[in-house]
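Structure record follows, encoded as structure tokens.
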There are 2 protein chains.
Amino acid sequence: MSSQLKPGTSNACNITALSLACEVNDVLRDISPRWKMQVLHKVASGTKQFSTLKHAFPSLSDQILGKRLSELVNDKLVDKIILKEKAPKSIHYMITDKGLELLKIIDDLHKWGLKYFSA
Amino acid sequence: MSSQLKPGTSNACNITALSLACEVNDVLRDISPRWKMQVLHKVASGTKQFSTLKHAFPSLSDQILGKRLSELVNDKLVDKIILKEKAPKSIHYMITDKGLELLKIIDDLHKWGLKYFSA
DNA sequence: TCAATAACTCACCCGAAAGTGAGCAAACCT
DNA sequence: AGGTTTGCTCACTTTCGGGTGAGTTATTGA
């Protein structure tokens with residue numbers, strides 16, 4: 001999906017071994033990039049444009065946001081809807097069913113985290 | 001954590017959503033290290049010793065296995081039971097309730113991955 | 001006596017991911 | 001004419017964590 005691993009390196013070999021061992025790893029790799037699930041959640045809650053997402057996460061740079069959005073689109077977790085092609089562009093992001101189902105599980109993870117949070 | 005919120009803005013209205021996203025981030029960080037959930041799964045399925053875990057994952061090095069196990073112990077996902085302190089040591093790892101509940105969610109992730117698995 | 005075993009830890013390297021600086025297109029507003 | 005907005009991409013540097021080689025302790029079995 002998104003891995004640019006040089007074939008033959010031990011890293012690449014281990015990734016292959018991992019995937020063979022269990023497909024859950026592919027899922028974990030897909031959801032663990034920093035900010036990714038946050039952005040997905042924001043999109044799901046109605047924040048649809050690049051610029052508004054930018055404001056929602058002041059410490060997230062344009063570059064990373066762009067990267068995460070394109071990953072989300074590639075993963076089919078969100079759809080990219082182009083309303084106006086030429087600048088100033090107008091593009092909306094919409095969560096897919098696949099994305100919504102993932103968010104449900106992410107929410108379970110959140111609840112699990114809260115349940116065992118002791119401090 | 002996330003603070004510069006002006007009360008009354010739409011941002012402030014979404015504060016619950018934001019904190020959800022933030023805490024999930026910690027959970028994601030904890031579960032995403034390579035091999036970690038596999039090792040947890042193996043421990044849950046009755047493989048309790050360092051050496052047997054080693055054989056279960058031939059391409060996983062001692063060093064990483066040791067690191068993952070100590071992380072799992074720190075996270076209270078498994079308990080470390082020392083049966084014999086001095087070498088050759090005898091140590092058993094046992095999954096905790098917290099670990100079992102996490103594995104259930106990991107299994108949901110797995111099912112989600114399978115459902116949307118396309119080519 | 002000496003290898004094997006169990007369960008590690010330490011020091012180091014390197015590739016991958018995160019983050020930064022700059023720039024671009026083209027319409028709109030002043 | 002020039003500044004602003006929108007939605008990015010490219011090239012680069014820095015940080016991080018996965019992976020490797022070597023070493024440790026002490027007991028048992030050949």
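Each chain gets a letter, A, B and so on, in the order its sequence line appears, and its residues count up from 1. All values derive from a computational prediction rather than experimental measurement.
Linking Ile, Leu, Val, Met, Phe, Trp and Tyr residues whenever their side-chain heavy atoms come within less than 4.5 Å places A:Leu103 and A:Val73 in a single cluster.
For the OP1/OP2 pair of C:dA6 and a distance below 4.0 Å, the side-chain nitrogens and oxygens of B:Tyr93 include no atom meeting the criterion. Phosphate contact (OP1/OP2 of D:dG7, side-chain N/O of A:Gln49, threshold under 4.0 Å): present.
Annotation: the span from A:Lys67 atom NZ to A:Leu65 atom CG amounts to 12.0 Å, rounded to 0.5 Å. Atom CG of B:Asn25 is separated from atom CG of B:Asp30 by 10.0 Å, given to the nearest 0.5 angstrom. To the nearest 0.5 Å, atoms CG (B:Asp108) and CG (A:Leu109) are separated by 9.0 Å.
Within a 6.0 Å sphere centred on NZ of A:Lys84, heavy atoms belonging to other residues, nucleotides or ligands number more than 12.
When the P atom of C:dA18 is taken as reference, atom CZ of A:Arg29 falls 10 Å away, rounded to whole Å. When the P atom of C:dA6 is taken as reference, atom CD1 of B:Ile82 falls 17 Å away, rounded to whole Å. When the P atom of D:dT5 is taken as reference, atom NE2 of A:His55 falls 9 Å away, rounded to whole Å. Rounding to whole angstrom units, NZ of residue B:Lys54 and P of C:dA6 are separated by 8 Å. The separation between B:Lys36 atom NZ and D:dG18 atom C1' is 14 Å, rounded to whole Å. Rounded to a whole Å, the CG atom of A:Leu53 is 16 Å from the C1' atom of D:dT5. As rounded to whole Å, 12 Å separates atom P of C:dA18 from atom CG of B:Leu28.
Nearest-nucleotide positions on DNA chain D for A:Phe50 and A:Arg34 put A:Phe50 closer to the 5' end. In this structure, B:Ser90 and A:Trp35 both approach DNA chain C, and ranking their closest nucleotides by distance from the 5' end singles out B:Ser90.
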For nucleotides 22-28 of chain C, just jot down a letter per nucleotide in 5' to 3' order: B, S or -, based on protein non-hydrogen atoms under 4.0 Å.
B--BBB-

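Here the side chain of A:Ser32 pairs a donor or acceptor atom with the backbone of A:Leu28 at under 3.5 angstrom.
B:Lys36 has a carboxylate O that lies under 4.0 Å from a charged side-chain N of B:Asp75, or vice versa, which qualifies the two as a salt bridge.
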Side chains of residues 48-57 of chain B: which donor-acceptor pairs under 3.5 Å do they make with residues two or more places apart or in other chains?
unit_1  : atom_1 : unit_2  : atom_2 : d
B:Thr52 : OG1    : B:Gln49 : N      : 3.3
B:Thr52 : OG1    : B:Gln49 : O      : 2.9
B:Lys54 : NZ     : B:Asp62 : OD2    : 3.4
B:His55 : ND1    : B:Ser51 : O      : 3.0

Using salt bridge (Lys or Arg N to Asp or Glu O under 4.0 Å), reason through B:Glu101 and B:Lys104 one step at a time and then give a plain yes or no.
CA-CA 5 Å; B:Glu101 288 187 42; B:Lys104 268 185 230 159; 5.7 Å; no

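Non-hydrogen atoms lying under 4.0 Å from DNA chain D are contributed by B:Ile64, B:Lys67, B:Arg68, all within residues 64-81 of chain B.
Counting any heavy atom pair closer than 4.0 Å across all strands shown, B:Ser51 reaches sugar-phosphate atoms only and no base atom.
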